[in-house]
Amino acid sequence: MRTKLNRVLLSLALAGSALAMSPIASAADVKMVGVITKIQMAADGKSATATLKDNKSGNSVTISITDDLTLDKFKDKRIVEGDEIRAKFDDANKNLSKSFKKTAGC
C-alpha cells in the first residue's frame, strides 16, 4: 500500500515538473495573413510600420517592424504594397513584429 502511494506521488511530482518546465505559448502572440495596404519607413531607416488588411476578418492592423532582414526587403522593394504577408506579432507590445514574410516565399 505504501509503495503504491509513493509511486502515485512520484508520478504526480514528475508530471507537475514536466508541465512547469514546458514552454507555453504567449497569449499575446497573433498570427495573420493579409495584404499590405501601406508601408511607412522611419526617417532613420531603423524601423517601419506596415498596415495589413486581414484576409479573414477584413480589419486593418498596423504592425511595427524593427528587424534588419525585413527592413532590407522593404528598401530593396522585395516586399511592397499589395503583397500578401504572413505575419506573427505581439499585440501586447504595440504590435511588434516577430515574423514578417511573403506567403509565396522571399
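If you read the sequence from its start, that first residue is 1, and numbering goes on from there.
- Taking OG1 from Thr51 and CD from Gln40, the interatomic distance works out to 8.0 Å, rounded to the nearest 0.5 Å.
- Distance alone, capped at 3.5 Å, places no donor-acceptor pair between the Asp72 side chain and the Leu69 backbone.
- Val35 and Ile63 fall into different hydrophobic clusters, defined by Ile, Leu, Val, Met, Phe, Trp and Tyr side-chain heavy atoms under 4.5 Å apart, directly or through other members.
- Here the straight-line distance linking atom NZ of Lys73 with atom NZ of Lys102 works out to 8.5 Å at 0.5 Å rounding.
- Atom CG of Asp67 is separated from atom OG of Ser47 by 11.0 Å, given to the nearest 0.5 angstrom.
- Counting all heavy atoms, side chain and backbone alike, Leu71 lies closest to Ile65 at CD2-O, 4.0 Å.
- A donor-acceptor contact shorter than 3.5 Å links the side chain of Glu81 to the backbone of Ile39.
- Tested against Phe89 for a side chain to side chain contact (heavy atoms under 4.5 Å, CB included), the candidates Lys98, Met32, Lys94 yield a single pass: Met32.
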Original post:
Should Glu84 and Val33 be marked as a side-chain contact (heavy atoms from CB on, under 4.5 Å) after you check the CA-CA gap, both sets of side-chain angles, and the distance that decides it?
Top reply: CA-CA 7 Å; Glu84 187 175 54; Val33 176; 3.8 Å; yes

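- With rounding to the nearest 0.5 angstrom, the CE atom of Met41 is 12.0 Å from the NZ atom of Lys46.
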Original post:
Yes or no on side-chain contact (heavy atoms from CB on, under 4.5 Å) for Asp29 and Lys88, after CA distance, side-chain angles and deciding distance?
Top reply: CA-CA 7 Å; Asp29 286 350; Lys88 182 178 177 183; 3.9 Å; yes

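- Taking each heavy atom of Ala87 and Leu52 in turn, the nearest pair found is CB-CD2, 4.3 Å.
- Under the 3.5 Å distance criterion, the side-chain polar atoms of Ser64 are left unmatched by any main-chain donor or acceptor of Leu96.
- Here Arg78 pairs with Asp76 in a salt bridge; the nearest charged N to carboxylate O distance falls below 4.0 Å.
- No more than 12 heavy-atom neighbours from other residues, nucleotides or ligands sit within 6.0 angstrom of NZ on Lys38.
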